[in-house]
J.: 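Sharing a structure here in structure tokens format.
Model, not experiment: these values are computed from the prediction.
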Amino acid sequence: MRSLSLSLLLHRCLRSSIHNKFWDNNSFGKSGFMLVQIMHKTSGGRRPKKKIYHRVHELDKAMDLQKKPTMILKLKSIIQSQKNQSILLRDLEKEVGIIQKWNFIAVIEKYPSVFHVTGGHKTPPAVMLTTKAKKIAAEEALANDLMEPILVKNLRKLLMLSVDCRLPLEKINFIQPELGLPADFRESLIPKFPELFSVKDVHGRPHLELGSWDSSLAVTAREERFMRSRILDTSGNSRRACITKDGNFPGPFAFHLKFPVGFRPNTNYLQELEKWQKMDFPSPYLNAKRFEVSDPKARKRVVAVIHELLSLTMEKRLTSGQLDAFHSELRLPARLLLCLIKHHGMFYITNKGAKSTVFLKEAYDGSKLLDKCPILTFRDRFVALTGRMDLDQMSFTT
């Protein structure tokens, strides 16, 4: 049998669309998992192995739940950007387009507790925020003030993750909403901290460069979780622990795993996983140029880099395209999809939404994000005006 590369087979099987999806909506069956066919070189016509990628319905739901809240928050921003804090319905088309206009009008009609329509008859109808919505919207300024030190810290950590401690500004802009950065962060945030950041031209492209290295920031979210768990005793030695059936091992180099319902690892798998969990590896904040790609420790380090990058985002998720955009600067694997699928205890790829999205699974309890920054807490409070309980529990980027 002719040998086919794994990436080619996955490309055929998962069929990445023009929207950059890893697979289409019909790839998963009613059973909630997808068969991914993987062929290997064989010597005797054996049938190719098939691996199962299980669906996590709660994380798929997290994508579905963000649609209307995202529109609510966007409309709020549009209204607040107007001089008189209101916008004529006929002008809404200029802001969102003719197709989306009707979706926004439906949102206005559905949530009178948030949006108030004025005018009629001789006066063109306009929409503004209700009194209660204005009161909560005023809290956004405080949330933004609380976010600034968090944004500065995370932006420094992001630069420290990169090979040369600098990143093209266009790539930072690509994930700007997910990081929580203001749209004009180059003008509004960077100049405030000249000792921490500088903008330099590199090969004709503007780059954001780290001003100074801070060793206290070179601590990953995984390490912080380990320290919080208090696995280390007072002498600094870790407690002895056995590998569990869910693959979790309380060691200093272990990752938190959350396997999907229906995944039943066998003994050999768990034994190999225990070895991998115990294996030490270099910090993601060390320069990747120092390590051989073929070294198993370096491969584990790559997983840690992806884990840390997702941890720096507000909602602990990025689209597949956003992750791949940092391929060269963070030395991500050539077969990023394969890496994510192999480590499905940590990462989940959903095809819900306009683009495929990669979740850091440990950051979620079902569909609910566990730790929320000030701006997400504010957005939750604003969206809670709609009165829908499922929306109250969610956080949303805009």
J.: Does R301 use its side chain to pair, donor to acceptor, with the backbone of L286 at less than 3.5 Å?
T.: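 Yes; judged by distance alone, with no hydrogens or angles, the pair exists.
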J.: Measure from the side-chain N and O atoms of D184 to the backbone N and O of E187, and report whether any donor-acceptor pair falls under 3.5 Å.
T.: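 Pair absent, no side-chain N/O of D184 close to backbone of E187.
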J.: Any sub-3.5 Å donor-acceptor pair from S113's side-chain atoms to L385's backbone N or O?
T.: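 Side chain of S113 to backbone of L385, a donor-acceptor pair under 3.5 Å: yes, one is there.
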J.: Mind checking whether L159 and L217 sit in one hydrophobic cluster, side chains of I, L, V, M, F, W, Y counted as touching below 4.5 Å?
T.: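 Per the 4.5 Å side-chain linkage, L159 and L217 are co-clustered.
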J.: Would you check if the distance from the ring center of F263 to the ring center of H344 is below 6.0 Å?
T.: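 They qualify: ring centres under 6.0 Å apart.
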J.: Please check this pair: side chain of K372 against backbone of T377, looking for a donor-acceptor N/O pair closer than 3.5 Å.
T.: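 Here the side-chain-to-backbone pair does not exist.
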J.: Does F104 share a hydrophobic cluster with L88, counting links as ILVMFWY side-chain heavy atoms below 4.5 Å and allowing steps through other members?
T.: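 No; L88 is not reachable from F104 via cluster members.
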J.: Can any side-chain N or O of K200 pair as donor or acceptor with the backbone N or O of P206 at less than 3.5 Å?
T.: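 No; zero donor-acceptor contacts below 3.5 Å.
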J.: Can you name the closest pair of heavy atoms from F174 and Q322 and give their distance?
T.: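 For F174 and Q322, the tightest heavy-atom pair comes out as O-NE2, 3.0 Å.
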J.: Just checking F347 against F359, ring centres under 6.0 Å apart?
T.: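 No, the ring centres sit 6.0 Å or more apart.
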J.: Looking only at atom types and distance, does a side-chain atom of E362 sit under 3.5 Å from a main-chain N or O of M346, one as donor and one as acceptor?
T.: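 A pair under 3.5 Å: no.
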J.: Using the six-membered ring wherever Trp is involved, compare the ring planes of F197 and F193 and label them parallel, tilted or perpendicular (cut-offs 30° and 60°).
T.: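 The arrangement is perpendicular - the two ring planes meet at more than 60°.
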J.: Check whether any side-chain N or O of D164 sits under 3.5 Å from a backbone N or O of R166 as a donor-acceptor pair, and report yes or no.
T.: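 Checking the backbone N and O of R166 against the side chain of D164, no donor-acceptor pair under 3.5 Å is found.
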J.: Please check if L338 and V293 belong to a single hydrophobic cluster, counting links between Ile, Leu, Val, Met, Phe, Trp and Tyr side chain heavy atoms closer than 4.5 Å.
T.: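 The answer is no; the residues belong to distinct hydrophobic clusters.
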J.: Any donor and acceptor pair, going by atom type alone, linking the side chain of K342 with main-chain N or O of L337 inside 3.5 Å?
T.: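 Checked: no pair found.
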J.: Hydrophobic cluster membership, with links at side-chain heavy-atom distances under 4.5 Å among I/L/V/M/F/W/Y: are V199 and L151 in one?
T.: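 Yes, it is one cluster - the side chains of V199 and L151 are joined through contacts under 4.5 Å.
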J.: What heavy-atom pair brings A325 and K171 nearest, and what distance separates the two atoms?
T.: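 Of all heavy-atom pairs spanning A325 and K171, the closest is O-NZ, 2.8 Å.
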J.: Closer than 4.0 angstrom, basic N to acidic O: yes or no for K275 and E272?
T.: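 Salt bridge present between K275 and E272.
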J.: Checking the side chain of E95 only, and the main-chain atoms of D91 only, is there a donor and an acceptor separated by less than 3.5 Å?
T.: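 The answer is no, because no donor-acceptor pair under 3.5 Å joins these two groups.
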J.: With a 6.0 Å cut-off on ring centres, are F281 and W276 close enough?
T.: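 So the answer is no for these two rings.
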J.: Any sub-3.5 Å donor-acceptor pair from E178's side-chain atoms to T313's backbone N or O?
T.: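 Looks like no, no N/O pair under 3.5 Å.
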